[in-house]
Student: 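Questions regarding the structure given below will be posed in turn.
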Amino acid sequence: MAEIANDLQPHLDHGARQRKKSTGLVEISGPDGQRKTLNLAEMSDADAQLAAQFGYKPVFKREFGYLSTFSFAVSISGLFATIMTTFSYPLYAGGSAAAVWCWLISGAGCMCIACSVAELVSAYPTSGGLYFTISRLAPVDWVPALSWITGWINLLGQVAGVASSEYGAAQMLLAAVSMGRDGNYTITTNATIGVMAALTVLTGLVNSLSTYWMEKMTKTYVIFHVLVLVSCSIALLVMTKSKNSAHYVFTDVDSTSGWTPIGFSFLFGFLSVSWTMTDYDATAHITEEISEPEIKAPWAISLAMLFTYLGGFLFNIVLCFCMGDPSVILASPLAQPVAQLFYNSLGKGGGIFFTVCGFIIIKFVCFTAMQALGRTVFAFSRDRLIPFHNVWTVINAKTGTPLYAVWISVFFCIAINLIGLGSYAAISGVFNICAIALDWSYCIPILCKLMFGKFEPGPWNMGVFGKFVNAWACLWTLFVSIIFILPTVRPVTALTMNYASVFLVFILGCAAVFWYISGRRYYTGPVVEAQAEEYDSNGETAVFEKDGKAQEV
């Protein structure tokens with residue numbers, strides 16, 4: 001415990017926290033039990049806040065600025081590529097109308113979740129993301145159990161998100177190869193799984209680079225993405241000779257799922273939106289690498305999701321105008337309906353070009369999502385949520401990144417996709433569980449914010465509208481979660497079963513076993529590494545920083 005000579009407690013003004021520079025000394029307890037005293041005056045404002053207010057030792061370099069943070073948030077959605085990957089879902093569910101209107105309806109619900117997440121990230125910018133906020137929003141007795149379940153659900157969602165993105169990348173790459181060979185190449189599940197594994201290892205290698213290089217790569221991504229999205233839309237509208245009518249695009253409902261009535265089948269189209277517009281807190285997991293994270297991170301999250309919402313709605317309309325008969329592209333030997341659409345409208349050259357562009361974009365999704373996943377594993381290990389936590393918190397001296405955390409993430413992302421060797425339906429379950437798990441890991445903290453009244457707003461907040469947006473975010477998540485665990489095709493067989501519920505039960509079962517065997521004996525929620533005291537100008541009043549609040553001792 002160190003004595004603080006100057007002002008340490010962040011300034012609170014009418015419930016909205018405005019950070020000012022913390023000075024003095026703070027003592028850090030590392031995971032190995034060693035204690036170290038740090039001078040807050042020698043740190044950046046964000047690092048001083050991390051140590052003094054949130055109780056964590058700063059270990060990352062803050063390389064991310066406004067553009068790179070926004071680009072990172074955009075890259076998580078990977079709009080152009082993720083629509084390519086999931087466009088078949090609304091077409092099977094309800095045809096062209098489902099592709100258009102499901103995006104508009106579900107996107108509004110996703111925007112409510114994104115803004116709710118942004119508000120919490122502004123208030124509590126740490127690598128733990130929304131998992132960490134439980135310690136500030138829930139009653140003390142509830143923190144261990146709620147943090148435990150939120151952390152494990154979030155981890156499952158992130159692993160499923162990276163795994164499904166890598167699988168989609170493999171599909172796109174093989175579709176481009178098939179186009180290049182004029183269809184004289186048969187795409188098999190085994191080949192797709194093999195390419196997926198190789199691409200996941202590539203993602204691990206990229207994430208083994210320092211934050212400096214990750215920031216440089218990420219900064220240019222958003223410009224490339226927008227150029228590809230706009231140029232592809234224009235090319236499709238100009239080059240497609242026989243377009244569908246506006247009446248067909250906006251009103252045609254044609255379900256091949258087997259569900260009745262068709263209106264119910266229509267709802268399965270929400271998956272495309274929820275899978276694209278998710279992982280909002282990925283930006284939160286790199287907040288310890290962002291300067292002024294309480295401002296830049298929430299703005300990046302909200303603006304990136306707004307871009308995805310509006311851009312996705314318009315791009316779906318373009319695809320529906322240009323796709324021709326949906327049954328033709330759904331039956332494509334390329335195993336990638338949108339790649340077949342590109343080939344039909346733009347020819348071999350254009351089809352290969354934009355499919356490869358989609359591949360590059362979704363690889364950026366994988367790069368950034370893996371970066372967020374690695375930081376999540378690091379943050380959860382820092383709090384002893386994960387077995388062998390001492391290993392995953394090691395920071396490589398040369399790169400300044402948690403390499404062991406990155407590569408254990410690579411291992412599990414490949415492992416979860418290996419089930420595709422037995423059943424393609426299981427791969428669809430990975431897509432489903434990604435949306436369910438991530439959104440529920442956000443809604444648990446949001447519910448705590450609504451129920452317990454302990455929330456202290458950061459600089460980015462929704463004011464009086466916050467509670468209404470938060471409530472709708474939770475209700476919408478409950479609604480779509482019920483849909484996403486149902487089989488999307490009837491009759492239900494082993495080949496058409498939705499395995500999302502199996503994944504969810506399995507990971508929660510493992511988390512529960514781990515909790516009862518050992519977790520409950522030591523886990524109390526996010527660990528506080530930093531402790532500090534301060535004295536007033538007369539040296540009489542001592543103040544101890546605990547759980548982000550100053551308490552007299």
Side-chain angles (χ1 to χ4, degrees), residues 73-94 98-118 130 153-154 156-165 167-168 257 264-282 301-302 304-313 315-316 362 365 369 372 427-444 446 469-470 472-488 498-501 503-504:
V74 170
S75 68
I76 285 296
S77 67
L79 174 60
F80 180 84
T82 49
I83 287 182
M84 285 184 65
T85 304
T86 58
F87 189 61
S88 60
Y89 287 95
L91 291 187
Y92 280 123
V100 174
W101 299 117
C102 281
W103 192 279
L104 188 67
I105 297 168
S106 184
C110 292
M111 278 302 303
C112 289
I113 304 172
C115 289
S116 299
V117 168
L130 267 66
I153 292 176
N154 183 266
L156 168 63
Q158 289 197 61
V159 171
V162 176
S164 53
S165 297
Y167 194 90
S257 69
F264 186 85
S265 174
F266 186 93
L267 301 178
F268 291 114
F270 290 145
L271 176 61
S272 176
V273 195
S274 292
W275 191 77
T276 301
M277 294 182 65
T278 192
D279 210 1
Y280 318 103
D281 78 327
I301 293 170
S302 56
M305 286 305 110
L306 181 61
F307 164 78
T308 302
Y309 180 34
L310 299 178
F313 178 61
F315 190 51
N316 270 281
I362 203 166
V365 173
I427 292 296
S428 298
V430 177
F431 282 76
N432 288 342
I433 197 59
C434 169
I436 296 171
L438 285 176
D439 284 354
W440 272 112
S441 73
Y442 308 147
C443 284
I444 293 173
I446 294 170
V469 174
N470 298 161
W472 183 250
C474 296
L475 290 172
W476 178 257
T477 299
L478 175 62
F479 172 63
V480 294
S481 295
I482 295 172
I483 297 170
F484 293 162
I485 62 174
L486 295 174
T488 56
N498 184 348
Y499 290 92
S501 56
F503 293 138
L504 187 60

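Remember, predicted model here, so these are calculated numbers, not experimental data.
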Student: Testing the basics here: between Ser116 and Cys112, what is the closest heavy-atom pair and its distance to 0.1 Å?
Tutor: OG-O, 2.8 Å
Student: Can you tell me how far CD1 of Ile482 sits from CZ of Phe479, rounded to the nearest 0.5 angstrom?
Tutor: 8.0 Å
Student: Calculate, to the nearest 0.5 Å, the distance between atoms CE and OG belonging to Met84 and Ser272 respectively.
Tutor: 12.5 Å
Student: Who passes ring pair (Phe, Tyr, Trp, His ring centres under 6.0 Å) against Phe484, sequence neighbours left out?
Tutor: none
Student: Taking all heavy atoms of Phe264 and all of Leu486, pick out the closest pair and write down the distance.
Tutor: CZ-CD1, 3.6 Å
Student: Which heavy atom in Ala369 sits nearest to a heavy atom in Val162, and how many Å separate them?
Tutor: CB-CG2, 3.7 Å
Student: Taking all atoms of both residues into account, what is the closest heavy-atom pair of Cys115 and Val469, and its distance?
Tutor: CB-CG1, 4.4 Å
Student: As a quick check of understanding, evaluate side chain to side chain contact (heavy atoms under 4.5 Å, CB included) for Phe270 and Ile105, giving each step before the final call.
Tutor: CA-CA 8 Å; Phe270 290 145; Ile105 297 168; 4.1 Å; yes
Student: Phe315: which residues meet the ring pair (Phe, Tyr, Trp, His ring centres under 6.0 Å) condition with it, sequence neighbours left out?
Tutor: Phe80
Student: Of the non-hydrogen atoms in Met305 and Ala114, which two are nearest, and what is the gap between them?
Tutor: CG-CB, 3.6 Å
Student: Just verifying a value: how many Å separate Ser274 OG and Trp476 CH2, rounded to the nearest 0.5 Å?
Tutor: 7.0 Å
Student: Is Asn316 close to Phe87 at the side-chain level, that is, under 4.5 Å between some pair of heavy atoms?
Tutor: yes
Student: Holding to side chain to side chain contact (heavy atoms under 4.5 Å, CB included), I want the full list of residues that pass it with Thr82, two or more places apart in sequence or in another chain.
Tutor: Trp275, Thr276
Student: One pair to check against side chain to side chain contact (heavy atoms under 4.5 Å, CB included): Thr477 and Ile113. What are the steps and the verdict?
Tutor: CA-CA 8 Å; Thr477 299; Ile113 304 172; 3.4 Å; yes
Student: Nearest 0.5 Å, please: how far is CG in Leu79 from CD1 in Ile362?
Tutor: 11.5 Å
Student: Could you grab the distance from atom CH2 of Trp103 to atom CE of Met277, nearest 0.5 Å is fine?
Tutor: 7.0 Å
Student: Do Leu104 and Tyr309 come within less than 4.5 Å of each other through their side chains, counting heavy atoms only?
Tutor: yes
Student: Mind checking the CD1-CD1 spacing from Ile436 to Ile485? Nearest 0.5 Å is all I need.
Tutor: 6.5 Å
Student: Do Trp440 and Leu504 have side chains that get closer than 4.5 Å, going by heavy atoms?
Tutor: no
Student: Please answer whether the main-chain N or O of Leu438 pairs with a side-chain N or O of Ser441 as donor and acceptor at a distance below 3.5 Å.
Tutor: yes
Student: Hey, what's the ring geometry for Trp101 with Phe313, parallel, tilted or perpendicular (30° and 60° as the breaks)?
Tutor: tilted
Student: If I compare all heavy atoms of Ile153 with all of Ala437, which pair ends up nearest, and what's the gap?
Tutor: CG2-O, 3.0 Å
Student: Check whether any side-chain N or O of Ser77 sits under 3.5 Å from a backbone N or O of Val74 as a donor-acceptor pair, and report yes or no.
Tutor: yes
Student: When you compare the side chain of Thr86 with that of Leu271, does any pair of heavy atoms fall below 4.5 Å?
Tutor: no
